[in-house]
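Below, read A as the first sequence line, B as the second, and so on, with proteins coming before strands; counting in each chain starts at 1.
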Protein chains: 2
Amino acid sequence: MKIRNTKASSAVIRILEKEKKPLDVEDFIGRLNRRKINVDRTTVFRIVNKLTEARILTRLEFDEGKARYELTSLPHHHHAICTKCRKVEDIKECNIREVKKNAENNLSFKIEFHRIELFGKCHECRSIY
Amino acid sequence: MKIRNTKASSAVIRILEKEKKPLDVEDFIGRLNRRKINVDRTTVFRIVNKLTEARILTRLEFDEGKARYELTSLPHHHHAICTKCRKVEDIKECNIREVKKNAENNLSFKIEFHRIELFGKCHECRSIY
DNA sequence: TTTAATGCAAAACCTTTGCACATCA
DNA sequence: TGATGTGCAAAGGTTTTGCATTAAA
């Protein structure tokens, strides 16, 4: 399973390196078009699937009925998702050691990765009212 | 917005009270049929939407491209999802106080609810190999 | 040249909507 | 009666598949 270095595929990665937030397929298409890279929607789905399989991208779901993608190489972090504007901010701290330990001991569950998502209102959305 | 006590709607709640794991619409239809309650798929979607709006159910997404539902009334917990068999186990401990505090101070993000998901292999799936 | 990527059309899934009819309170 | 629930058909949104063609290594 080799991944070729095509215009669209490498642009997807460059886009994610530049932007800080997780993007969906629609976002990618828009940003690719702005860079005069015109690819079919199908192709974008194939690109993100391939890159996700290769663990270059990580797929995320925030209760939107669609997937978002971010670079796997980002330092370990979690997400704070605004329930109003859907803005996603990163969270760096992560003290779930005890939760993990407990799951491994009590449930005999071998953790491969974990995810913490905080849902709430971001600064801007709170100050509007 | 009143919720009527119909055969299907109350059966959905009873099913969730009996079963411990989050179910999807397909699961509900199967279990309703077994109870000789024949409802259209559309109706089940409307039921879970209504119950979710009323905060009786909580909608969950585990990277499956579809939603699952569990009772909101369950004691606060999180999920351990087997990446192989997709079994979902509950996790009771949750020491994310610091994570929350930090998000509220540093990001000025007002947390409404949070979610911790541990992905890995359950006991059975690990012992197969 | 060999393998992987692409475009286009079609289809698969999950989910929602519109409308007429049925049913609960 | 008046509001809510239901079935059926249709459609919307996201994602996948098939196939012939094009491009990368």
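If you measure from atom CD1 of A:Ile37 to atom P of D:dA23, you get 15 Å, rounded to the nearest angstrom. A straight line from CG of A:Leu51 to P of C:dA4 spans 15 Å, rounded to a whole angstrom. In this entry the distance linking CG of A:Asp40 with C1' of D:dT17 reads 13 Å, nearest Å. Rounded to an integer number of Å, the gap from B:Ile47 CD1 to D:dG5 C1' is 8 Å. Rounded to a whole Å, the CG atom of A:Asp27 is 14 Å from the C1' atom of D:dT14. The CD1-P distance, from A:Ile3 to C:dA5, rounds to 7 Å in whole Å.
The shortest side-chain heavy-atom distance between B:Ile47 and B:Tyr69 does not fall under the 4.5 Å cut-off. Contact check for B:Leu57 versus B:Glu70: no side-chain heavy atoms found under the 4.5 Å cut-off. By the 4.5 Å heavy-atom criterion applied to side chains, A:Arg31 and A:Leu23 are counted as neighbours.
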**OP:** Summarise protein proximity over nucleotides 12-25 of chain C in one line of letters, 5' to 3': B for base, S for sugar-phosphate only, - for none, counting protein heavy atoms closer than 4.0 Å.
**Re:** --SBBBB----BB-

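Looking only at distances, no side-chain donor or acceptor of A:Ser10 sits under 3.5 Å from a matching main-chain atom of A:Asn5. In this structure, the side chain of B:Thr72 engages the main chain of B:Arg55 through a donor-acceptor pair within 3.5 Å.
Distances shorter than 4.0 Å separate none of the side-chain N or O atoms of A:Lys50 from OP1 or OP2 on C:dA4.
Checking B:Val44, B:Asp27, B:Asn38, B:Thr43 one by one against B:Leu32, the side-chain contact (heavy atoms from CB on, under 4.5 Å) holds for a single residue, B:Val44. Each of B:Arg68, B:Arg41, B:Lys66 was scored for a salt bridge (charged side-chain N to carboxylate O under 4.0 Å, His left out) with B:Glu26, with one residue passing: B:Arg41.
Residues meeting the side-chain hydrogen bond (donor to acceptor under 3.5 Å, both in side chains) test with A:Lys21, sequence neighbours left out: none.
Between its opening and closing five pairs, the helix from C:dT1-D:dA25 to C:dA25-D:dT1 changes axis direction by 40°, a value rounded to 10 degrees.
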